[in-house]
Amino acid sequence: MENSIDPVAETLPPRQDAWLLRLFATAFAFTAFGLGGLLLRLVVFPPLRLFCPDLSRRQQRARGAIHWTFRVFIRLLVRTGILTFEFRGAERLGRPGQMIVANHPSLLDVVFLLGHVANANCVVKHSLAANPFTAGPVRNARYITNDESLEMFDRAAEVLREGETLVVFPEGTRTPRGASPRFHRGACAIAMRGARVVTPVVIRMNTRSLTKGEPWYRIPRQRMRYIFEAGPDVDPQRWTSQHPLPIAGRLMNEHLHNYFEMELGRDEPAGK
């Protein structure tokens, strides 16, 4: 159980937490992450395409490789002292037809979620499909790129109906520093058309870092502490059974936005 932040301690300068060592460790970790992406693209995925002609099995194995790689990367981040984390309710994630909806405070959010949910699909930024370090994993795992086209919405709803787990960040990008999450309705539009259940995952940090437009080397004075918490399931039929889709989507989006706003308004976790 996490303790709330001591108000007296907040008046003191934040402790350094071996800042210089964490800076070198962060440089090493991000270099390893980039090399890992290239390794998957050049060494792991080509044999998969050659020796595994079945598209479904190849996709599953590619996602398995990414899942394992992300778990190793998370372990590296913890062992080198860059961050600590706690994941509450991970056992409730990964069900067939489940859409996981999360806020997006930092660059590492997708790494943690895909590292804890095996064989999950994910809606990712369209630019990642052209990045040499991430294009291979995105293409081979058949993640959905967010180009906001009708085809993208159709495919996202279809994979949910087929029983896949889908991870979505309704903000579409990382939350700006000092701002509250603002959810677009696209996630709810997808949920209305395909999700059996929607599960919110609230991501809290003791200190913001790796936000939008922030370079990797601008590390915080305190060691980062993440808490991921799976909230209560939401049934899209709660709204679709009573309202037409546009209204149902808007009401569900308001419900999720209010839920995240309330949860994120609680005390942030103390750094450890």
Side-chain angles (χ1 to χ4, degrees), residues 1-5 85-95 97-110 112-113 116-117 120 122-125 144 146 148 152-153 156-157 160 165-208 210-212 225-270:
M1 183 68 67
E2 292 295 319
N3 296 322
S4 60
I5 297 176
F85 76 95
E86 180 181 355
F87 211 120
R88 301 170 182 166
E91 70 282 353
R92 296 179 45 241
L93 305 179
R95 287 171 281 165
Q98 180 185 44
M99 189 168 84
I100 299 170
V101 174
N103 58 307
H104 200 3
S106 83
L107 184 65
L108 297 175
D109 306 328
V110 68
F112 275 101
L113 286 174
H116 279 79
V117 185
C122 186
V123 177
V124 300
K125 290 178 63 175
I144 300 170
N146 185 12
E148 297 185 349
M152 185 275 290
F153 285 101
L160 285 165
T165 301
L166 182 65
V167 178
V168 180
F169 297 96
E171 296 170 82
T173 187
R174 279 168 277 170
T175 313
R177 185 181 290 274
S180 298
R182 294 294 173 189
F183 290 173
H184 301 295
R185 296 183 192 174
C188 290
I190 295 169
M192 299 291 173
R193 297 168 60 191
R196 301 178 193 176
V197 66
V198 175
T199 305
V201 174
V202 178
I203 305 174
R204 300 184 183 90
M205 300 176 67
N206 65 333
T207 179
R208 290 293 303 278
L210 301 175
T211 57
K212 184 176 176 63
R225 169 75 173 169
Y226 285 83
I227 289 183
F228 298 79
E229 185 167 8
D233 292 337
V234 177
D235 186 352
Q237 290 189 359
R238 170 179 170 183
W239 293 276
T240 56
S241 62
Q242 301 180 41
H243 305 281
L245 284 180
I247 297 176
R250 178 174 51 101
L251 293 174
M252 182 178 174
N253 190 68
E254 289 177 0
H255 170 82
L256 289 172
H257 180 268
N258 291 336
Y259 173 79
F260 276 88
E261 194 170 56
M262 178 182 67
E263 289 296 311
L264 292 170
R266 293 163 48 191
D267 286 342
E268 293 286 338

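At distances below 3.5 Å, not a single donor-acceptor pair connects side-chain atoms of His243 with backbone N or O atoms of Trp239. The closest donor-acceptor contact from the side chain of Asn253 to the backbone of Cys188 lies at 3.5 Å or more, if one exists at all. Formation of a donor-acceptor pair under 3.5 Å by the Arg177 side chain with backbone atoms of Arg208 is found in this model. A donor-acceptor pair under 3.5 Å links the side-chain atoms of Arg204 to the main chain of Glu263, judged by distance alone. Under the 3.5 Å distance criterion, the side-chain polar atoms of His184 are left unmatched by any main-chain donor or acceptor of Phe169. Asn103 places a side-chain N or O within 3.5 Å of a backbone atom of Ile203 that can act as its donor or acceptor partner. The main-chain N or O of Leu210 is found under 3.5 Å from a side-chain atom of Arg174 such that the two form a donor-acceptor pair. When atom types are taken as modelled, the side chain of His104 and the backbone of Ser106 share a donor-acceptor pair closer than 3.5 angstrom.
Atom-to-atom distance recorded for Ile144:CD1 and Ile190:CD1 is 7.0 Å, nearest 0.5 angstrom. In this structure, Glu229 CD and Glu86 CD are separated by 8.5 Å, a value rounded to the nearest 0.5 Å.
Other residues, nucleotides and ligands place no more than 12 heavy atoms under 6.0 Å from the CD atom of Gln237.
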May I have the step-by-step check of side chain to side chain contact (heavy atoms under 4.5 Å, CB included) for Met252 and Val198, ending in yes or no? CA-CA 10 Å; Met252 182 178 174; Val198 175; 3.4 Å; yes
With side chain to side chain contact (heavy atoms under 4.5 Å, CB included) as the test, would you mind laying out the steps for Glu171 and Phe183 before giving the verdict? CA-CA 5 Å; Glu171 296 170 82; Phe183 290 173; 3.7 Å; yes
Could you go through Phe85 and Phe87, starting from their C-alpha distance and side-chain angles, then the distance that decides it, and tell me whether this counts as ring-ring contact (aromatic ring centres under 6.0 Å, His included)? CA-CA 7 Å; Phe85 76 95; Phe87 211 120; 7.3 Å; no
Could you walk me through whether Val110 and Val167 satisfy the side chain to side chain contact (heavy atoms under 4.5 Å, CB included) test, starting with their C-alpha distance in whole Å, then the side-chain angles of each, then the deciding distance to 0.1 Å, before giving a yes or no? CA-CA 8 Å; Val110 68; Val167 178; 5.6 Å; no
Assess whether side chain to side chain contact (heavy atoms under 4.5 Å, CB included) is satisfied between Thr211 and Thr175, documenting all intermediate values. CA-CA 7 Å; Thr211 57; Thr175 313; over 6 Å; no
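Considering every non-hydrogen atom in both Gly194 and Leu160, the closest pair reads O-CB, 3.4 Å. When all heavy atoms are compared, the tightest approach of Asp235 to Arg196 is OD1-O, 4.2 Å. Nearest heavy-atom pair across Gly231 and Tyr259 is CA-OH, 3.3 Å. Heavy atoms only, all atoms of each residue included: Val234 and Pro200 are closest at CG2-CD, 4.4 Å. For the residue pair Ala102 and Leu113, the shortest heavy atom distance occurs at CB-CD1, 3.9 Å.
Residues Arg95 and Thr199 are in side-chain contact: their nearest non-hydrogen atoms beyond the backbone lie under 4.5 Å apart. At a threshold of 4.5 Å between non-hydrogen side-chain atoms, the residues Lys125 and Asn146 do not count as touching. Side chains of His116 and Phe228 form no contact here, defined as non-hydrogen atoms less than 4.5 Å apart.
Pairs passing the salt bridge (charged side-chain N to carboxylate O under 4.0 Å, His left out) check and including a residue from residues 180-191, sequence neighbours excluded, do not occur.
Judged as a side-chain contact (heavy atoms from CB on, under 4.5 Å), and not counting sequence neighbours, the contacts of Ala187 are Met99, Val168, Pro170.
Using a cutoff of 4.0 Å between basic side-chain nitrogens and carboxylate oxygens, Arg92 and Asp233 are scored as salt-bridged.
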